[in-house]
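To keep things clear, I will list the structure first and then write my remarks on it.
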Amino acid sequence: MPMLVDLLGSQIVRTVMLGAALVGAVSGMVGVFAVLRRQSLLSDTISHAALPGVCLGFLLAGERDLTTIMLVALLTAMAAALSVLAIGRLTPLKTDAQLGIVLSVYFAVGVVLLSHIQAQGGGARAGITTFLFGQAAALSAQDLWVLGGVFAVATLFFVVLWKEIKLATFDPIAAAALGLPVRALELGLTVLLALTIVAGIQLVGVVLMVAVLIAPAVAARQWIGNLGAMTILAMGIGGLVGAGGALLSATGRGLATGPIVVLLASAVVLVSILAAPRRGVVWQALSAQLQRWRISGDRVLLAMDRLAAAHHDPDYPSEKGMLDTMLGRPLPGVMRRLEGQGLVRPVVHDPESSPHWVLTPAGRRRAEALRRTGHGPD
Amino acid sequence: MAGSADLHEPGFALHVEDLTVRYGSSIALWDIDLDVPPGRLVAIVGPNGSGKSTLLKSVMGLLRPVAGHIRIFGEPISRARSRVAYVHQRAEVDWDFPATVLEVVTMGLYRRIGWLRPVRKAHRQAALEALAEVGMEAFATRQIGQLSGGQQQRVFIARALIQQADLVLLDEPLAGVDAVSEDIILSLLRSLRDRGKSVVVVHHDLSTVRRRFDWMVLLNRRLIAQGEMRDVYTPANLKAAYGGQMAVFDAADADDPARSGRVGGQV
Ligand SMILES: Nc1ncnc2c1ncn2[C@@H]1O[C@H](COP(=O)(O)OP(=O)(O)OP(=O)(O)O)[C@@H](O)[C@H]1O
Ligand SMILES: [Mg+2]
């Protein structure tokens with residue numbers, strides 16, 4: 001603990017955490033729309049295509065100057081997005097093949113340039129490899145202004161064009177029919193996506209950047225059915241995960257930031273996919289089980305009601321084996337559930353020792369309702 | 001503003017002249033001339049792939065035709081957008097999108113609300129009223145993903161109603177819709193027509209089209225026929241539109257050719 005406090009007290013660590021939080025938040029915001037527009041793979045392509053730009057920017061500036069690097073990386077990232085568009089127009093290739101081709105070609109060029117730069121040797125040049133997996137510690141105080149600028153641009157974009165973007169994302173045909181400039185909005189979103197990716201790669205690296213975009217949005221969607229609230233939650237998740245990852249990677253020397261951030265984000269996604277109400281796996285499994293119990297219970301009540309009617313005895317004790325035979329074995333626990341709900345009552349039926357039950361008055365009422373409304377089997 | 005001198009065929013709700021539309025090298029519509037008078041309930045009928053959806057998309061300016069022009073109450077779509085509403089096929093959106101029914105209906109007002117202006121209470125009120133017209137007001141706060149197909153269709157129609165357009169185009173609003181939703185939708189379309197609006201519906205079911213619509217456009221890449229239902233709904237026209245897909249006609253039942261044989265069905 002004292003180590004953590006020391007770390008937080010350090011100016012450098014605070015800079016890094018703030019930068020990572022900004023990157024995470026803007027990724028969460030932009031990522032919501034990338035996910036809703038089914039652009040996960042496009043995001044991955046754009047981010048890999050930033051690598052040649054990073055290298056070219058490095059060669060141009062002759063040093064690790066974030067602004068130059070980002071500008072050139074933005075150019076190659078956008079070039080990749082346009083390449084995908086062009087291949088889609090000119091060839092019959094399916095989307096995944098288009099993306100696969102563009103991703104690998106741009107990334108290959110990037111790796112070649114990277115090797116070239118490294119071969120030149122020199123201390124600063126070695127730092128270029130951190131763009132593969134990210135190194136938050138490399139962030140300087142000036143870089144914060146750049147990241148803050150990207151955050152401001154993205155926020156302004158969404159605040160100003162909120163409802164138009166919402167409609168163009170949900171229903172582009174209706175948006176175009178209303179006369180909204182859907183193409184221009186899509187272009188704006190794509191530029192913003194590339195800008196966000198380029199802003200994030202110093203911290204997260206080109207290889208894993210897509211996870212930081214996608215994970216907060218996927219997690220947020222699990223909990224929330226409102227676009228605005230979902231976006232804010234995704235920003236929060238992204239910001240926390242970014243800052244947390246930066247802090248953790250700062251504690252261990254040379255630990256790349258990207259993988260840590262991605263692992264944290266994946267943990268949040270996992271919890272959300274499991275535990276979220278309604279959409280969560282656990283919730284769905286539970287409600288499916290409840291449903292099965294209810295149906296099975298209804299079948300038991302109807303069967304007991306039928307037995308009672310056949311024997312002209314409302315208090316006819318139904319035997320377990322008999323019910324099993326009629327229903328093909330109800331779910332385990334169903335009788336106990338019915339007892340708990342006060343619909344059936346266990347009775348001893350001498351001289352037999354097997355379990356027997358009778359319908360309680362409440363059980364008879366429910367069975368009768370089932371018979372009348374036709375819900376349940378038969 | 002355009003003076004009336006700029007208007008071309010303003011007497012028609014929809015005027016289409018020499019329209020040809022192509023997707024790549026395949027021709028979807030060929031040299032269509034079409035006039036829809038105002039205040040009609042119009043069915044566009046034709047076999048699969050005959051260009052019905054393409055026609056509506058061309059009218060909305062969503063496709064660029066290779067030839068011809070289209071006018072809505074005499075004006076090109078760019079100047080008539082506020083007078084026309086369009087309900088596209090239901091399958092064309094992501095129904096898992098995080099939005100409520102009320103939000104989706106409000107989207108019909110986004111253009112009228114304008115850039116930089118937020119959705120206000122009055123807009124939501126209008127959306128609630130549109131929802132009430134389609135019998136969906138109880139679902140206002142429901143997620144759109146949690147609706148049945150017929151309910152989704154009614155929400156889309158509410159989104160068109162809220163635009164208070166004079167011409168409403170609907171692409172297969174009755175496809176995959178149960179009897180309750182169908183009744184609601186049809187009586188709504190009739191009441192629009194009775195209020196003087198023009199309603200153009202792509203319709204697939206030949207056996208019901210005659211009872212439900214009063215004007216018919218028969219299409220199969222080319223225009224086969226157009227006009228009053230009783231004039232257009234003839235064995236000869238249907239045969240021309242459905243061609244080889246048409247089974248033999250029973251002359252005795254020529255009064256209702258759809259009943260005889262298997263018009264429009266698979267052969
Ligand atoms: N985006 C597209 N790209 C290429 N061809 C298309 C496209 N959309 C439609 N077509 C073709 O154009 C023709 C007309 O299609 P359209 O969707 O207008 O027919 P439709 O009458 O609405 O058919 P359906 O009854 O099946 O809805 C079809 O042959 C179709 O294959
Ligand atoms: Mg169609």
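Labels below follow one simple rule: chain letters A, B, ... track the order of the sequence lines, proteins then strands, and each chain is numbered from 1.
- Interface residues of residues 108-126 of chain B toward chain A, defined by a heavy-atom distance below 4.5 Å and sorted by number: G108(B), Y110(B), R111(B), I113(B), G114(B), W115(B), L116(B), R117(B), V119(B).
- Counting only heavy atoms from C-beta outward, the side chains of L167(A) and E103(B) never approach each other to under 4.5 Å.
- How far NZ of K163(A) is from OG1 of T106(B): 11.5 Å, rounded to the nearest 0.5 Å.
- By number of non-hydrogen pairs under 4.5 angstrom with chain B, the leading residue of E164(A), K166(A), R221(A) is R221(A).
- The aromatic rings of F170(A) and F156(B) lie perpendicular to each other, with more than 60° between the two planes, well past the 30° mark.
- The closest side-chain heavy-atom distance from L178(A) to Y86(B) is not below 4.5 Å.
- Crowding of R64(B) atom CZ: a count of heavy atoms from other residues, nucleotides or ligands under 6.0 Å not exceeding 12.
- Here K57(B) contributes atom NZ and I173(A) contributes atom CD1; the two are 4.5 Å apart, rounded to the nearest 0.5 Å.
- For M230(A) against P98(B), the heavy-atom pair with the smallest separation is SD-CG, 3.7 Å.
- When the heavy atoms of residues 129-149 of chain B are compared with those of chain A, the residues falling under 4.5 Å are Q143(B), I144(B), Q146(B), listed by number.
- R38(A) CZ to D94(B) CG: the interatomic distance, rounded to the nearest 0.5 Å, is 4.5 Å.
- Taking all atoms of both residues into account, the shortest heavy-atom contact from R81(B) to A176(A) is NH1-O, 3.6 Å.
- In this structure, chain A has a heavy atom under 4.5 Å from the side chain of V104(B), while its backbone stays farther away.
- Using a 4.5 Å cut-off between heavy atoms, R278(A) touches chain B through its side chain atoms alone.
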